[in-house]
Amino acid sequence: MPELPEVESVRLGLASHVLGSRIEAVEIRRDSCVRRAASPEAFAADVSGRTIDAAVRRGKFLWLVLDGGELALSAHLGMSGQFRVHGAEPPPPHRHCRARLTLSVRGGFFSLDFIDQRTFGYLDAEPMVATPDAVAGGLGSPLPAVPASVAHIGRDALDPALRRATVLAQWRRGTRGIKQVLLDQTLVSGIGNIYADEALWRARVHPATPASGLSGRAAGALLDATREVMGQALAAGGTSFDALYVNVNGESGYFDRELNAYGRGGEPCPRCGRRLERAVMGGRSTHWCPRCQRAGAR
DNA sequence: AGTAGCACCTGATTGC
DNA sequence: TGCAATCAGGTGCTAC
């Protein structure tokens, strides 16, 4: 469920609570929440006793830089992952709590819970690896490296170091529809199903338009639209329809009130009044206005 | 090489 | 009321 604005809200919350703290204890409550590590015990051994130096994000991928920066505690929220911060005496773990970390800072202790109903999310201990374009890392990162599992992920739409001309050329290559291309995290990361539909609506591009048929100008306007909509969503604390997405303090964002297309199939287009359409494209539910977003327009 | 399809899960909602 | 089908914000692997 979480896309770039939601993951960035989580990153900001983590940064405000865990930077400079030390990982004292690790309780894995569901083994499969640790994917790459050889075992839950190996994960715990890798991260225990280490200090958290930074909280970094690229697209929807999030990681805590440990000690010297050669190791990361990486996390992906999948469809339903959350982090929740509790004080020295945390409540009993939530039913979907997959891991509980105990952290210490200046003699005080607190808990960090990883909660994930659908279990598509994960935690891992990973080496940091250099990437060809790792000039400045992702948002929040001063480091020239990313966790191994993020090496194939493109810079995200809000990253100042995004190579605009390069990604627009990559977008327009191949045979896929533009909706599928927007969701390709190896080109521009961070755009998920909600913000893909919203950006296409803003830029007046039909989701099934062959990406190769977009003009450079239209592709550029679409990239700008992804940045605008995700920037505004971030300012509103992200999008949330229910208790499945909350920040580290358990609070929901408000951007769902500002969605123009996503989830509004059958409702009037906020721009022209025409009934919005809904269909499945590339296995994902897709929403658009058949009048504002004409196939082949622009 | 690029792309489509499916697998991975749990839970809420909808329809019969 | 019960039960099955459908849907949900993501990613990675496999087979074309």
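- The distance from atom CE of Met79(A) to atom P of dA8(C) is 8 Å, rounded to the nearest whole Å.
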Handout entry: Sugar-phosphate or base contact per nucleotide [nucleotides 9-14 of chain B; S, B, -; heavy atom under 4.0 Å]
Key = BBS---

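- Considering only side-chain N and O atoms, Arg278(A) lies under 4.0 angstrom from the phosphate OP1 or OP2 of dA8(C).
- Between the CZ atom of Arg173(A) and the C1' atom of dA1(B) there is a distance of 11 Å, given to the nearest Å.
- Separation of atoms CZ (Arg58(A)) and OG (Ser189(A)) is listed at 6.5 Å; rounding is to 0.5 Å.
- When rounded to the nearest whole Å, the span between CE of Met281(A) and P of dG5(B) equals 14 Å.
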Using a 3.5 Å cut-off and no angle test, enumerate the donor-acceptor pairs between side-chain atoms of residues 85-92 of chain A and protein atoms at least two apart in sequence or in another chain.
none

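- Annotation: salt bridge (charged side-chain N to carboxylate O under 4.0 Å, His left out) contacts of Arg278(A) (sequence neighbours excluded): none.
- Using a 4.0 Å heavy-atom distance criterion, Arg35(A) is classed as making no nucleic acid contact.
- To the nearest angstrom, P of dA8(C) lies 16 Å from CG of Asp256(A).
- Remark: Arg29(A) engages Glu27(A) in a salt bridge (charged side-chain N to carboxylate O under 4.0 Å, His left out) (not counting sequence neighbours).
- At least one side-chain nitrogen or oxygen of Ser285(A) sits closer than 4.0 Å to the OP1 or OP2 atom of dA8(C).
- The P atoms of dT11(C) and dA12(B) are separated by 24 Å, rounded to the nearest whole Å.
- Here Arg176(A) pairs with Asp184(A) under the salt bridge (charged side-chain N to carboxylate O under 4.0 Å, His left out) rule; sequence neighbours left out.
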Practice task
Dot-bracket for DNA chain B, please, read 5' to 3', with Watson-Crick or G-U wobble pairs under 3.5 Å on both distances, ( ) within the strand, [ ] crossing, | other strand, . unpaired.
Solution key: .|||||||.|||||||

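- Whole-Å rounding puts the Tyr195(A) OH to dG9(C) P distance at 12 Å.
- The ring-ring contact (aromatic ring centres under 6.0 Å, His included) test applied to Phe110(A) returns no partner, not counting sequence neighbours.
- Classified by interplanar angle (parallel below 30°, tilted 30° to 60°, perpendicular above 60°), the ring pair Phe61(A)/His152(A) is perpendicular.
- If you take CD of Gln170(A) and C1' of dA1(B), they are 14 Å apart, rounded to a whole angstrom.
- Across all strands, Tyr262(A) comes closer than 4.0 Å only to sugar-phosphate atoms, never to a base (heavy-atom distances).
- Take Phe83(A) and apply the ring-ring contact (aromatic ring centres under 6.0 Å, His included) test, not counting sequence neighbours, and it matches Phe114(A).
- With sequence neighbours excluded, the residues forming a ring-ring contact (aromatic ring centres under 6.0 Å, His included) with His94(A) are His96(A), listed by chain and number.
- Rounded to whole angstrom, the span from the CG atom of Asn193(A) across to the C1' atom of dG9(C) amounts to 7 Å.
- In this structure, CD of Glu8(A) is placed 17 Å from C1' of dG9(C), rounded to the nearest angstrom.
- Remark: the separation of the P atoms in dT1(C) and dG11(B) is 22 Å, to the nearest Å.
- Between the side chains of Ser48(A) and Glu24(A), no donor-acceptor pair of N or O atoms lies under 3.5 Å.
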Practice task
Using a 4.0 Å heavy-atom cut-off, write out nucleotides 11-16 of chain C from 5' to 3' as B (base contacted by protein), S (sugar-phosphate only) or - (no contact).
Solution key: SS----

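- The side chain to side chain donor-acceptor pair (under 3.5 Å) test applied to Asp256(A) returns no partner, not counting sequence neighbours.
- Contacts of Lys179(A) classified as salt bridge (charged side-chain N to carboxylate O under 4.0 Å, His left out), with partners at least two apart in sequence or in another chain: Asp197(A).
- Looking at heavy-atom distances under 4.0 Å, Thr175(A) makes contact with sugar-phosphate atoms alone, never a base.
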